[in-house]
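Scroll down for the structure; my scribbles are underneath it.
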Amino acid sequence: MPKTYTVKQVADALGFSTNTVYKYLEEGKIKAARLGKEGRFKIPESEYARLTGRHLTGTGEQVLEKGGIYNPDLMEWFLGLAGIFVGVAYFLFPLEYRFVSIEPWRYWLVIAGVASLGGGIAVVAVDMFWAESKKLTFWSHALLAIGFGILTNAFRLMGNWTSMVWFVGLTMSVVLACRKSWEYLRFMGLVWWILAVGGLVWAFHPEPGFLAGVQIYQFALYNPWTFWAIWASMGTALIVGNLTNHNTRFPAKYIAGLLLAGVFFGIAVLYVVNLEWGRAVVAMLIAVFAGLFMFVGGTDKRLDLTRKQATTSFGWMGLVLILGLVVIHFSQTQFKKFLLEEGNRKVEMAVSLIDTYVSTAAKRAMEFAQSSDLADLVTGRNSLALDVKTKEMYNVAVTMRRVLVIDKNGETLSLYPPIDGRTRGGFANVADREYFIQAKAGRKIIVSEAIKPRFITLSTAVYVGSPIQDRNGNFLGMVLGALDLQELTAQLKSVEGGSTGFVSAADRNGTIFLHRDPAYLGQQVKLSQSMLDAIGGKSGQREGYAESGELMLQSYAPVKSLGWGIVVNQLYSAAFSDSFLTTFTIFLMTVLAGVGTLLVTTSSKWKWRL
């Protein structure tokens, strides 16, 4: 006797309600036998196979036929595509480039990117071809949940609480999706979580972005609970409006759906400008699927696709994505090449400027030391006349912060500008300093290493000097000038590259004497491999870390005449901000084009509910 199926069995297999199956029976879309006018419907196995694309073997196993009606789970598609695009976005725009706090987690983030991308592909593939396999469904969801879970923890480490809440919601949705039912309610549950809970976190940790001067940001900053109550109420009302009108044919259904799509499209634009890649991708997908759910019933949609047709549709989407990614990769590569060339030009300028600055100061010191009257003043110890001479030397030495005249015993005879009103007497002896020893040995021009001054409370100083000798070449003392490092820093502003760029320098011993943060002056180089390479005589460019631990785009070179190392640092996220904004906008457009291509190639197979 031929096998038959009940209405409930067919409804369960298709994912429809029994009322929908009865409706199709009455309309003749499903063929069945009926015992009497009021008897039960008996749906033959041939019709079951036509509807589901499956038949039962002798062991009771369901086998997919070559064609048939495929009933996709839109929430599965949403989560799968979210995993795919979040994973791709991570590899194109790595989080550690913007948040140095997660650098130790770099390898975990690679795993998260791979898991999100692979899990997303697996979830969509399993839903399309092996939806009846509970084992494959579990493992595909587990892989995607691992990817989202690692990203959630990464955002927690960064203190990016709003992103953390978004990905907590995605992770929970992936776990709950193992039980495939009520997909529209699950979708709306995720949207509510993002709007209500994400809104609560944002209210207490507002992110200014381009809203810094806008009234809504100021209101949230000073009235977080009130802002959240208004925001959550509006979001809840919007979701309730979508839920209550979802199965109707009234205009309210489309108004509610378009409003929801519009809200998340606006959120996506906001996060693109704020360079929040993950949230921008998710918000854009929510906007797309909010619109899609308007036209496709939540529990009685049907899509008649064979495996070949489904594969072709996703193949076209993949082709669009690949083309977009090629454009993005080319754009990023060219922009990075431009930045590196610009960095090389800047470091050459910095080296030339510093070399000229120091050599000018050193030559000036030698001219002072060789002036005809200075030796006589030092020998005669004419204090007043020596003070006048020292002041005259300082006034013409624009590269020096202070000028000193030291006697042959290392004592200060005169200095200008005065320290605590004094120009001599009571200052520390410098006879043991290397620069004094070199001057005493007859070296004409001396440039010291970066050292801690004994005269004033500076963290570091660099001195230039020259020996004072009598007509017979006897050592009488030296002229010593402290380089004006503040003036040098000001001149280097032209090559720093904006407020996020700076030039750092260290002597041959690795002591830092130029840095934007005074806390590092006088410290030894520790993190910056670029600086160590420059001190070692190497030149180049790399992505590296400054002493502060921030990821930088660095160009480095030595000042060969001095043995110093120079590094031009540009904060990586700032250097690439314009490029990231442009290429991520292209990426989002690629996402829209890819999803749009998928919908267009399958649109003729959807049973739209208008």
Side-chain angles (χ1 to χ4, degrees), residues 73-96 98-99 101-102 104-127 136-180 183 185-199 201-202 264 267-268 271 275-289 321 584 587-588 591 595:
D73 187 315
L74 280 185
M75 189 59 178
E76 292 288 275
W77 283 26
F78 168 79
L79 293 173
L81 291 175
I84 292 170
F85 295 134
V86 166
V88 171
Y90 166 74
F91 288 110
L92 288 175
F93 313 98
L95 291 174
E96 62 268 24
R98 298 181 55 229
F99 303 99
S101 58
I102 60 171
W105 284 71
R106 173 179 286 198
Y107 295 109
W108 280 102
L109 289 172
V110 172
I111 294 173
V114 172
S116 298
L117 181 58
I121 294 172
V123 164
V124 174
V126 168
D127 182 65
L136 289 177
T137 299
F138 171 80
W139 286 113
S140 62
H141 284 78
L143 183 60
L144 185 56
I146 288 171
F148 286 161
I150 295 175
L151 288 173
T152 299
N153 194 46
F155 288 123
R156 179 187 66 82
L157 292 172
M158 288 185 272
N160 192 339
W161 307 114
T162 305
S163 289
M164 185 193 76
V165 168
W166 280 51
F167 277 83
V168 165
L170 283 170
T171 306
M172 291 192 301
S173 295
V174 172
V175 173
L176 293 174
C178 285
R179 184 178 179 83
K180 297 182 179 180
E183 60 181 324
L185 284 177
R186 285 189 283 120
F187 178 75
M188 283 299 166
L190 173 62
V191 173
W192 181 87
W193 173 274
I194 287 174
L195 288 176
V197 182
V201 173
W202 192 91
F264 275 91
I267 291 174
Y271 287 142
L275 307 182
E276 291 286 352
W277 318 130
R279 277 184 273 172
V281 168
V282 174
M284 186 64 75
L285 284 174
I286 289 177
V288 170
F289 275 79
L321 290 178
F584 190 72
F587 176 67
L588 271 193
V591 170
V595 175

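All values below come from the heavy atoms of this structure, side chains included, with hydrogens, waters and symmetry mates left out.
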* To do: Taking the side chain as every heavy atom from C-beta outward, state whether Leu81 and Phe289 have any atom pair closer than 4.5 Å.
  => yes

* Structure fact -> Closest non-hydrogen contact found for Ala268 with Ala280 is CB-O, 3.8 Å

* What closest approach, in Å, do Trp108 and Ile150 show between heavy atoms, and which atom pair accounts for it? -> O-CG2, 3.6 Å

* Identify the two heavy atoms, one from Thr152 and one from Val168, that lie closest to each other, and give their separation to 0.1 Å. => CG2-CG2, 3.4 Å

* **From CG (Leu117) to CG (Leu144), nearest 0.5 Å** => 10.5 Å

* OG1/Thr171 to CE/Met164 distance, rounded to the nearest 0.5 angstrom? -> 10.5 Å

* How far does CD1 of Ile286 sit from CG of Leu190, to the nearest 0.5 angstrom? -> 5.0 Å

* CD/Glu76 to NE2/His141 distance, rounded to the nearest 0.5 angstrom? -> 3.5 Å

* To do: Could you check whether the rings of Phe167 and Phe155 sit parallel, tilted or perpendicular, using 30° and 60° as the cut-offs?
  => tilted

* Structure fact -> Closest non-hydrogen atoms of Ala89 and Val281, given as atom of the first, atom of the second and distance, are CB-CG2, 4.4 Å

* Do Val282 and Phe264 come close enough that some side-chain heavy atom pair is under 4.5 Å? -> no

* **Validation row: Val124, Leu79 side chains within 4.5 angstrom (heavy atoms)** => no

* **Spatial distance of atom CD1 (Ile267) from atom CD1 (Ile194) [nearest 0.5 Å]** => 8.5 Å

* To do: Please check if the side chain of Trp193 supplies one atom and the backbone of Val165 the other of a donor-acceptor pair under 3.5 Å.
  => yes

* **Side chain to side chain, Tyr90 and Val110, heavy atoms closer than 4.5 Å** => yes

* Min side-chain heavy-atom separation Arg279-Asn160 under 4.5 Å -> yes

* Asked: For Phe187, which of Trp192, Phe78, Trp77 qualifies under ring pair (Phe, Tyr, Trp, His ring centres under 6.0 Å)?
  -> Phe78

* Structure fact -> Correct closest heavy-atom pair for Gly198 and Thr162 would be O-CG2, 4.3 Å

* Structure fact -> Looking only at heavy atoms, the pair that brings Ala154 and Leu109 closest together is CB-CD2, 3.6 Å

